[in-house]
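Remarks on the structure that follows.
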Amino acid sequence: MIPKWHAAHLGGMVLALGVVMSPVGAEAAVSIPGCAQMDAWAANAESSPMWSPNDIGSRKSITGHLFSDEATRLFGAPVLQWTVDDAAAVRRAMIDCRRANKDRGVGKSYNFLQSQISSRLSNYLKDLAEARAAIDSALDGLQAVPASAPLLRFYTLMSKASDKAAYGRMNEAANQLGAQSRTARPLVMALRDMPTEEIRASVEPQGAERADAMRQAVTDDLVASVAGIPASGRGLEQIARAQTDFPKSYGEVLSAEQMAAIQKALAERKRAIGEEIVAITVKQIGQSSQGADAFDDLERRMNVAILPALEAKHSEAILAAARARREEVTGILLARMEDNLKGLDDTQASIDAIDREVMPWIGSLPAGTEAMKAKLTDRATARRAEILEEVEDDESGDLEKRVYQSDNGQTKLEFVDDDRVFATAHGQTVAGTYTQEKDGRIVLTLDGQSRVVKREGQRIKGWTTPLLRVK
């Protein structure tokens with residue numbers, strides 16, 4: 001009997017070497033011819049080419065003599081419709097005819113044919129029946145599986161399963177079905193024993209039919225999944241990958257219109273994410289710090305790393321907001337700096353504060369703030385000059401009786417009188433002389449060597465370390 005799973009596709013199907021399958025529901029009525037007819041047919045058996053079910057991976061090889069048109073007419077049915085019992089009956093008849101015929105050549109042909117039937121054809125017919133049953137079972141099991149992109153790929157490749165390359169990709173697709181791989185794998189393996197034309201007539205149409213039935217559902221699912229991509233840098237990366245990967249992954253299983261719908265959804269989601277990121281980022285920029293860390297904080301809030309992933313208009317919106325905020329913060333900091341500088345006392349401590357705190361902070365401002373740095377530097381320098389002038393007025397005069405020392409107290413210059421000086425460093429004190437110039441320079445002579453330092457406000461600079469007047 002013709003197996004039920006492929007009966008609907010067998011009418012008029014052409015098999016290998018031109019054998020025609022029986023109409024739907026027909027019995028494979030194998031008849032045993034007389035020895036004279038069989039002798040004539042068997043005579044050139046060994047010269048016939050070998051037959052293989054397909055070129056997608058089958059290792060079966062059987063003499064093509066059994067698949068010839070002449071064999072079909074002789075036995076009343078194509079060999080692929082024989083049962084194992086039919087094959088055994090034909091083999092027994094061959095053995096009887098061989099014994100009845102004394103021609104060694106004919107006997108040799110019979111030996112070859114009956115050996116092919118015994119060792120190859122019978123086993124193949126058994127395997128073929130099992131393969132058909134396995135395919136039937138697998139397709140029944142997959143019928144209830146919901147539509148998905150991996151299953152669509154599997155069915156699409158199944159519709160081309162007689163092609164060796166498509167069969168190889170179908171094998172890979174079966175491994176990507178998750179829990180359903182166990183159901184699909186037997187189908188893939190069973191195809192290796194199926195005749196090419198039977199695959200084309202019985203298996204491929206079912207793959208095409210099932211793929212067509214779920215193609216739009218898969219498209220709708222993919223479009224819906226795009227809406228769930230998060231509004232974040234990672235989401236934009238996901239979209240960028242999908243825009244490149246989807247055509248590779250689904251181009252051969254979806255129509256051009258369906259692929260266009262998915263790409264449109266990706267573009268629209270990217271635009272929506274961009275708008276959301278702009279709204280969040282602009283709000284964060286507007287809340288940036290107005291303190292000493294203002295520009296570093298503004299840089300962090302801009303989320304510069306994400307800008308290349310955005311559409312040009314979205315990245316420009318963020319940059320424009322940052323520029324506006326930078327100008328706003330610059331004005332705030334300039335006004336605050338002005339007030340702070342004006343509030344400084346005319347003392348050496350104020351000069352030290354400008355040198356040690358204000359100037360280093362200005363120098364640390366990030367790239368893009370050069371104009372502000374120049375303004376801040378000019379104002380701080382001007383205020384320092386004002387304070388220094390006042391301190392210089394207080395500090396002018398002779399050095400006699402003054403003591404200058406380092407912040408840690410380890411280094412000192414003690415001006416004893418109008419020409420003698422004691423210099424202390426590393427616990428040792430050396431006596432020397434000095435002279436003071438009108439411009440504030442001081443020439444120290446110690447151990448026969450001269451060194452020039454300069455007094456600025458209450459400090460002496462140019463010594464081994466800056467010194468502050470303490471007496």
For a quick test of reading the model, state the closest non-hydrogen atom pair linking [X] to [Y] and the distance between them.
X      : Y      : result
Ile56  : Leu191 : CD1-O, 3.6 Å
Leu177 : Ala184 : CD1-CB, 3.6 Å
Val84  : Ser122 : CG2-O, 3.9 Å
Asp346 : Glu390 : OD2-CG, 3.6 Å
Val329 : Ser289 : CG2-O, 4.1 Å
Ser350 : Ile387 : CB-CD1, 3.8 Å

4.5 Å side-chain heavy-atom contact, [X] and [Y]:
X      : Y      : answer
Asp355 : Arg384 : yes
His65  : Asn44  : yes
Thr219 : Tyr250 : no

Is the count of non-hydrogen atoms from other residues, nucleotides or ligands lying under 6.0 Å from [X] atom [atom1] greater than 12?
X      : atom1 : result
Lys375 : NZ    : no
Lys60  : NZ    : yes
Glu209 : CD    : no
Arg323 : CZ    : yes
Glu130 : CD    : yes
Lys454 : NZ    : yes
Arg234 : CZ    : no

[X]/[Y] ion pair, N-O < 4.0 Å:
X      : Y      : value
Glu311 : Lys270 : no
Arg200 : Glu197 : yes
Arg336 : Asp339 : no
Arg383 : Glu338 : no
Asp297 : Arg301 : yes

Would you say [X]'s side chain and [Y]'s backbone share a donor-acceptor pair under 3.5 angstrom?
X      : Y      : answer
Thr330 : Arg326 : yes
Ser364 : Trp361 : yes
Ser58  : Ser52  : no
Thr281 : Met302 : no
Ser68  : Gly64  : no
Trp82  : Val30  : no
Ser181 : Gly178 : yes

Give the C-alpha distance, both sets of side-chain angles, the deciding distance and a yes or no for side chain to side chain contact (heavy atoms under 4.5 Å, CB included) between Asn171 and Leu157. CA-CA 9 Å; Asn171 189 14; Leu157 292 168; over 6 Å; no
Rounded to the nearest 0.5 Å, what's the gap from NZ on Lys126 to CG on Leu121? Could you check?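 Between atom NZ of Lys126 and atom CG of Leu121 there are 13.5 Å.
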Between [X] and [Y]: side-chain donor-acceptor atoms closer than 3.5 Å:
X      : Y      : result
Ser406 : Asn408 : yes
Gln243 : Gln263 : no
Ser162 : Glu204 : yes
Arg325 : Ser288 : yes
Gln258 : Ser255 : yes
Tyr155 : Arg210 : yes
Arg192 : Asn54  : no

Just do the side chain to side chain contact (heavy atoms under 4.5 Å, CB included) check on Leu388 and Glu392 with the steps written out, would you? CA-CA 6 Å; Leu388 179 60; Glu392 286 285 2; 3.9 Å; yes
From CA spacing to verdict: side chain to side chain contact (heavy atoms under 4.5 Å, CB included), Glu198, Arg132: CA-CA 10 Å; Glu198 191 167 340; Arg132 289 167 175 165; 2.7 Å; yes
Take Asp86 and Phe75 through the test side chain to side chain contact (heavy atoms under 4.5 Å, CB included) and record every step on the way to the result. CA-CA 10 Å; Asp86 291 334; Phe75 296 105; over 6 Å; no
I'd like to know whether the aromatic ring centres of Tyr124 and Trp51 sit less than 6.0 Å apart in this structure.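 Yes, ring centres under 6.0 Å apart.
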Go through Arg215 and Asp212 one step at a time and tell me if the salt bridge (Lys or Arg N to Asp or Glu O under 4.0 Å) criterion holds. CA-CA 5 Å; Arg215 192 165 279 117; Asp212 289 343; 2.6 Å; yes
